[in-house]
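This is a predicted model, so every value here is computed, not measured.
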There are 2 protein chains.
Amino acid sequence: MIKNDLAELLEKKANFNRTKAVLMVETILDAIKKALLAGEKVEIRGFGSFRVVPKKSGFGRDIRRNRQIPISGGWRVKFRPGQDFKKQLKQQSIEQA
Amino acid sequence: MIKNDLAELLEKKANFNRTKAVLMVETILDAIKKALLAGEKVEIRGFGSFRVVPKKSGFGRDIRRNRQIPISGGWRVKFRPGQDFKKQLKQQSIEQA
DNA sequence: CTCAGCCAGGTCATTCTTGATCATCGCTCA
DNA sequence: TGAGCGATGATCAAGAATGACCTGGCTGAG
């Protein structure tokens with residue numbers, strides 16, 4: 001699924017032009033992005049929650065050079081699916097196991 | 001940031017009632033959720049991508065009973081921030097380090 | 001107000017992380 | 001719509017970190 005698919009959904013839900021629908025999608029995603037960049041936690045019941053956690057991880061490795069690479073540090077964005085979401089994911093596993 | 005915050009954003013972007021704006025947010029998030037449940041990958045350029053990967057994890061542990069608990073397995077939802085997103089996250093780390 | 005989500009805590013396996021590169025595909029300009 | 005552009009994915013390696021299990025209470029979303 002890509003941005004256009006989401007835009008199509010909005011077209012069906014409301015009377016938007018494709019252009020405007022895309023704008024809506026971008027608005028929401030950008031808003032979420034900005035909130036996360038602000039260090040805020042984004043929590044939507046029934047969907048999931050995004051959390052920004054400090055990256056404590058230490059080392060990576062460059063295979064070709066066979067050298068260790070210090071991880072610059074920064075923030076990590078964790079997405080955690082909601083209860084309902086997780087429940088449905090388990091059903092998926094049953095179907096596709 | 002919660003659902004209402006996103007709704008406010010949409011109110012400012014278009015001429016929605018709060019109710020309708022909330023519906024838009026839910027529509028998009030639900031669409032993403034459904035796509036993921038369908039096993040689809042959601043990839044939005046400039047934002048990030050969601051991918052559903054099979055969970056191979058094996059054991060958890062109940063501290064109180066001190067017993068091992070077999071993890072049922074299932075699917076895991078991975079969110080990966082886009083390049084731009086990650087770049088900005090690094091700047092955040094500089095500011096808050 | 002009500003119910004979902006988070007936290008903590010222990011432990012261990014899975015996973016993520018970095019980096020570089022090619023091929024692919026999302027996205028945008030015409 | 002079509003073609004081109006630039007971002008994204010997979011990978012290899014190794015080590016460090018997190019997730020998942022449960023429970024119960026508190027906080028916060030709705």
What nucleotide among [options] has an atom nearest to a side-chain atom of [X]?
X       : options                : answer
B/Ile2  : C/dT17, C/dC27, D/dG30 : D/dG30
B/Ser49 : D/dG19, D/dG9, C/dG5   : D/dG9
B/Arg76 : C/dT15, D/dT18, C/dT28 : C/dT15
B/Gln83 : C/dC6, D/dG30, D/dA7   : D/dA7
A/Arg51 : D/dA10, D/dC21, C/dC6  : C/dC6

Exercise for the section: For the pair A/Glu43 (side chain) and A/Ser49 (backbone), establish whether a donor and an acceptor sit closer than 3.5 Å, ignoring hydrogens and angles. Expected result: no
Completion exercise
Per-helix bend value, the helix from C/dC1-D/dG30 to C/dA30-D/dT1, C1' rotation axes over five pairs per end, 10° rounding, shows 170°
Just how far, in rounded Å, is [atom2] of [N] from [atom1] of [X]?
X       : N      : atom1 : atom2 : value
A/Ile69 : C/dG19 : CD1   : C1'   : 5 Å
A/Trp75 : D/dT18 : CH2   : P     : 13 Å
A/Lys3  : C/dC27 : NZ    : P     : 5 Å
A/Leu89 : D/dA20 : CG    : P     : 11 Å
A/Lys55 : D/dT18 : NZ    : P     : 12 Å
A/Asp84 : C/dC3  : CG    : C1'   : 14 Å
B/Lys78 : C/dT17 : NZ    : C1'   : 11 Å
A/Phe79 : D/dG19 : CZ    : C1'   : 15 Å

Taking side chain as C-beta onward, heavy atoms only, is [X] less than 4.5 Å from [Y]?
X       : Y       : value
A/Glu11 : A/Arg18 : yes
A/Trp75 : B/Gln88 : no
B/Met1  : A/Lys41 : no

Handout entry: DNA chain D contacts made by residues 40-48 of chain A, counting heavy atoms under 4.0 Å
Key = A/Glu43, A/Ile44, A/Arg45
Completion exercise
Taking for A/Arg80 and for B/Met1 the nucleotide of DNA chain D with the nearest heavy atom, the one nearer the 5' end belongs to A/Arg80
Practice task
Hey, which sits more toward the 5' end of DNA chain C by its nearest nucleotide, B/Pro54 or A/Pro70?
Solution key: B/Pro54
Fill in the blank from the handout: Of A/Lys86 and A/Glu26, the one whose closest nucleotide on DNA chain C sits nearer the 5' end is A/Lys86
If Ile, Leu, Val, Met, Phe, Trp and Tyr residues are connected whenever their side-chain heavy atoms lie under 4.5 Å apart, and connections chain through other members, are [X] and [Y] in the same group?
X       : Y       : value
B/Leu36 : B/Ile44 : yes
A/Val52 : B/Phe79 : yes
B/Ile28 : A/Val22 : no

Exercise for the section: Can you see which heavy atom on B/Lys33 is nearest to which on A/Gly46, and at what distance? Expected result: NZ-O, 3.1 Å
Exercise for the section: Name the orientation class of the two ring planes belonging to B/Phe47 and A/Phe50 (parallel below 30°, tilted from 30 to 60°, perpendicular beyond 60°). Expected result: perpendicular
Problem - Polar side chain donor-acceptor pair, A/Asn4 to A/Glu8, under 3.5 angstrom - result: no
